[in-house]
Amino acid sequence: MNILNPQGFWFLLTIPIIIFFYILKQNFEDTNVSSLYLWNLTITDSEVSSPWQKFRKNILLLLQIIITLLIVFALCRPYIVKNVNKDATQIIVIDTSGSMSAYDNNDETRLDKALKSAERKIKNLSPNSSFSLITVSNKADVLINNSKDTQLGIKIIRSITPTNASSNLLDHMDFINSLATQTNNYELTIYSDSYNDYFKPLQNVSLDYINLKKDNDLAQVSVKITNRSFTAESIEIGIYDKSSLLLDMKRVDIDPNKSSTVFFEDISFNGDWLYAELLKKDSLLEDNKIYNINLEKSKNKILLVTDSNVFLEKAINSLKNYELYKTNDISSITDEYDLYIFDKMVPKALPTKGNFLFINPEDSTEFFSLGEYINGGYINVNESPLSTHMLDMNFIISKFKPIVPSTYSNVLFNIGANTVGSYGNYNGRKFILLSFDIHESDFPLNVGFPIFINNSLDYLIESSYVTDKKLFTGDTLSINPLSETKNITVVNPNGNSYKLNINYPLTYFDKTNQPGIYEVILQTKDSTQKQYVAFNFPTQTESNLDNSNNKDIKIDTNISEQTTKSKDYVLNLSSILIVFAIIMLLYEWKKYIKA
Amino acid sequence: MNETIFNKDFFQKLELLSLNITPTLTTGSSGSRKSKAKGMSVEFSDYKDYVAGDDFRRIDWNAYGRFRKLYIKLFMEEKQAVFRIFIDCSKSMSYGKHNKSTLALQVAAAFSYITTKGLDKTFIHPINTLESVRPISISSKNNFINCIDYLSSLKFDGNNSLYKEIKNFRFNGPGVSVIISDLFIKDDLDKILKYLRYNKQKVILIHTLCREELSPKIDGRLKLIDSETGLEKNIYVTPTLLKQYKNSLDNYLKVIHNSCTKYESQYILSPSDSPIEKIFYDM
């Protein structure tokens with residue numbers, strides 16, 4: 001026998017209270033009688049004849065205590081579970097994907113219901129049987145394998161949280177099957193809303209897609225909504241900025257099992273991100289909101305001013321999040337770029353914004369001064385932020401113009417005492433200078449060349465280190481750390497910060513169960529950059545709650561002979577105890593109250 | 001006169017009552033009861049051989065003609081019976097919805113009326129009183145009103161021994177002693193009956209109990225207080241206890257009945273709500 005609600009035992013404290021009041025109530029009512037003659041005869045006889053007389057006087061108290069005990073035990077909700085196969089290894093599979101976050105009733109999600117049943121199952125294991133616990137969502141995790149430690153199992157079950165990830169149970173069945181067949185005698189229980197009818201079908205409306213297009217300070221937003229219910233819905237969609245300020249709202253009428261795209265035009269918006277939300281709550285809340293990043297803010301524009309430099313073009317194009325523009329007309333350069341690469345051609349009036357990469361300039365500028373051409377040689381790479389992973393690089397140049405040292409620049413490359421390449425910051429504008437023609441060197445052929453380009457772009461512009469700005473919950477976020485990255489911190493929508501271990505070329509972050517906007521903060525020696533990533537609920541696979549997909553799931557025949565459906569033969573003793581309590585109450589009433 | 005005890009209904013019943021008691025009378029004053037004594041009444045009793053000195057006017061000549069022997073006719077002596085009514089005036093008698101004392105007084109009054117109607121003599125002795133009360137005698141119907149007044153003035157507040165008081169009484173001859181009591185007495189009833197029988201009394205014991213004593217309708221935790229002694233007793237009334245009380249009561253009545261049988265006394269159990277005529281019909 002097990003107890004579902006041990007807190008009920010606190011009501012045992014009422015028993016001393018009953019006894020206390022019984023003792024207090026022991027008042028004798030004065031009654032005049034003609035004579036005690038007969039009563040003296042009676043009580044003397046009965047005291048002599050019945051040793052239980054004193055006990056019988058207290059039988060009312062005893063009955064009340066028994067009734068209280070029955071009610072207390074009934075409140076504790078005891079139950080007996082009959083297992084079909086007592087010593088079998090219990091393999092419990094729990095689906096933690098997005099659809100399991102749907103509310104089966106007002107207080108309990110599907111996952112809550114599954115976890116409670118799993119906990120009951122583990123509690124009722126016989127001492128000889130062991131259990132394994134597996135969660136499945138976008139991946140399968142074996143939380144505990146072939147263990148008899150029920151306390152640990154219960155602790156683990158209580159720590160399971162929904163992943164909100166996309167899941168296909170069938171993808172994991174091979175793995176589950178292989179784990180199951182490790183034992184001869186096992187019982188497999190699967191808690192998944194894509195498998196059987198353990199969970200009832202639910203109605204749901206989801207926001208599947210959001211698109212944002214900026215036109216100066218006005219945004220055009222389109223949102224796709226799908227009604228996954230049996231009935232038509234009339235529902236309002238609101239557009240909000242990051243401070244939850246309502247930007248626009250529209251009502252949409254949508255038929256069952258239909259989708260519709262709602263357009264919001266000319267929204268005044270210039271923030272980093274916004275989201276759309278359904279104003280009506282339904283069974284699944286996670287798909288009632290969808291987020292989008294203002295991508296215009298994250299793209300970096302580079303202007304390459306050259307006649308032709310294939311090496312540079314290829315090297316830059318291999319890097320993401322840069323928009324490369326090319327021109328050979330130095331007279332029509334505008335100020336709208338983040339980086340200007342001047343390959344030999346340098347305009348007299350440099351752009352007033354952005355940073356610069358000068359390659360083999362003809363003349364000196366306000367940023368630098370050059371000498372006359374001299375013969376080249378083997379380049380020495382100096383240690384600098386730009387030379388990360390390049391220190392053992394070696395290449396040769398034919399000729400160069402020595403760079404005049406200055407207080408605002410540092411040596412990058414040198415041949416002997418002459419500076420061939422430098423970098424610096426002039427009046428808040430960063431620049432890199434290579435005073436040789438890269439065509440007249442084997443630099444582009446060197447494995448370090450793309451590294452140099454990457455390092456240089458990292459140095460010169462705030463580049464996007466997050467490649468994918470729109471992902472689904474449960475997906476892994478890939479971060480491309482910059483060369484001099486000191487810290488990478490990810491802040492999730494709940495405000496929790498995670499400091500990551502920096503790995504090159506990619507650093508991964510997988511705690512993405514929460515839908516919303518994640519901030520990726522990258523800190524280098526000179527700067528701190530922040531970029532946003534939107535993680536949305538995978539509505540395509542997880543928003544259908546009507547069990548209509550269940551029939552498509554086929555269980556492996558290897559395990560079809562075993563029990564695959566959770567069977568709890570539960571005998572709830574509460575009702576039996578309450579019936580006994582009522583019978584006792586009636587007996588008490590009949591014997592003592594009515595008499 | 002207490003009009004609640006002696007009301008119109010009571011007096012109407014009195015006329016219908018009669019007493020079916022024939023005490024063995026050989027001595028006493030003349031009355032209207034037939035006695036075994038031979039006397040001067042007109043009712044033939046028996047024949048006796050004539051001896052010298054007998055009144056020759058009583059010779060039955062018809063008998064002489066038949067038997068050629070002289071016989072004297074004997075006639076019954078009509079004597080006056082003496083009834084002594086002992087009323088238990090203890091406090092326990094003043095109890096009950098139908099008060100026992102009411103019944104006791106009514107029975108005493110009825111006895112007085114009937115006996116004086118039959119030219120018998122009645123003495124009413126209140127016993128077990130708090131204060132000493134002189135008895136009253138009623139020998140004629142004219143005294144009956146005095147009897148009623150006397151009975152009405154009796155108080156039921158005593159707490160003494162019944163036997164002690166009866167034992168102090170001196171009987172002057174045979175008679176009928178009627179004891180009206182609830183018999184919640186410390187004394188041994190056998191002693192009382194024995195004493196009365198010794199004094200040639202035909203004893204009628206009218207045992208009056210109220211319904212509250214015969215089948216108590218009580219419940220719960222009670223502190224019973226004795227109305228006579230003031231003693232207390234805590235009890236917890238259960239159906240079992242009531243059953244045992246009934247058993248005790250039955251045993252108690254059986255013992256009393258056995259005592260009466262043993263001493264050739266008439267025993268009448270009379271609940272206090274019984275009609276008075278029933279008591280006399282049971283005699």
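Remember, predicted model here, so these are calculated numbers, not experimental data. Chain identifiers are assigned alphabetically (A, B, ...) following the order of the sequence lines, protein sequences preceding nucleic acid strands; residue numbering begins at 1 within each chain.
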Next item on the list: Could you tell me whether Tyr163(B) atom OH has more than 12 heavy atoms of other residues or ligands within 6.0 Å of it?
Entry: yes

Notebook entry, point to check: Considering residues at least two apart in sequence or located in another chain, which fulfil the side-chain contact (heavy atoms from CB on, under 4.5 Å) criterion with Ile583(A)?
Noted result: Val579(A)

Item checked: Atom pair CD (Glu29(A)) and CG (Asn234(B)), whose distance is rounded to the nearest 0.5 Å -> 12.0 Å

Check: Quick check: are there more than 12 heavy atoms from other residues, nucleotides or ligands sitting under 6.0 Å from NZ of Lys194(B)?
Finding: no

Check: Does a sphere of radius 6.0 Å around CZ in Phe580(A) hold more than 12 heavy atoms from other residues, nucleotides or ligands, not counting ones at 6.0 Å or beyond?
Finding: no

Next item on the list: Tell me, for Tyr245(B) versus chain A, whether the close heavy atoms (under 4.5 Å) come from the side chain, the backbone, both or neither.
Entry: both

Notebook entry, point to check: Which value, rounded to the nearest 0.5 Å, describes the distance between Gln244(B) atom CD and Trp39(A) atom CH2?
Noted result: 10.0 Å

Next item on the list: Could you grab the distance from atom CG of Leu224(B) to atom OG of Ser35(A), nearest 0.5 Å is fine?
Entry: 10.5 Å

Notebook entry, point to check: Of the backbone (N, CA, C, O) and the side chain (C-beta and beyond), which part of Glu212(B) lies under 4.5 Å from a heavy atom of chain A, both, or neither?
Noted result: neither

Check: Would the number of heavy atoms belonging to other residues, nucleotides or ligands and lying under 6.0 Å from OH of Tyr267(B) be above 12?
Finding: yes

Item checked: Donor + acceptor pair across side chains of Thr42(A), Ser248(B) (<3.5 Å) -> yes

Next item on the list: Inspect the surroundings of OH in Tyr195(B) and state if more than 12 heavy atoms from other residues, nucleotides or ligands are less than 6.0 Å away.
Entry: yes

Notebook entry, point to check: More than 12 foreign heavy atoms under 6.0 Å from CZ of Arg197(B): is that the case here?
Noted result: yes

Notebook entry, point to check: By side-chain contact (heavy atoms from CB on, under 4.5 Å), which residues pair with Tyr113(B), not counting sequence neighbours?
Noted result: Leu14(B), Glu15(B), Lys117(B), Lys141(B), Phe144(B)

Note to self: Run Leu241(B) and Ile43(A) through side chain to side chain contact (heavy atoms under 4.5 Å, CB included) and show every step you take.
What the structure shows: CA-CA 8 Å; Leu241(B) 185 68; Ile43(A) 290 175; 4.1 Å; yes

Next item on the list: Select one option (side chain, backbone, both, neither) describing which atoms of Lys91(B) are under 4.5 Å from chain A's heavy atoms.
Entry: neither

Next item on the list: Mind checking the OG1-NZ spacing from Thr31(A) to Lys233(B)? Nearest 0.5 Å is all I need.
Entry: 14.5 Å

Next item on the list: Look only at the side chain of Tyr252(B) and the backbone of Tyr37(A), and say whether a donor-acceptor pair between them is shorter than 3.5 Å.
Entry: no

Note to self: Side chains of Glu213(B) and Ser34(A) only: does a donor on one sit below 3.5 Å from an acceptor on the other?
What the structure shows: yes

Checklist line | Check against side chain to side chain contact (heavy atoms under 4.5 Å, CB included), Ser227(B) and Asn32(A) | finding: CA-CA 6 Å; Ser227(B) 60; Asn32(A) 282 326; 5.7 Å; no

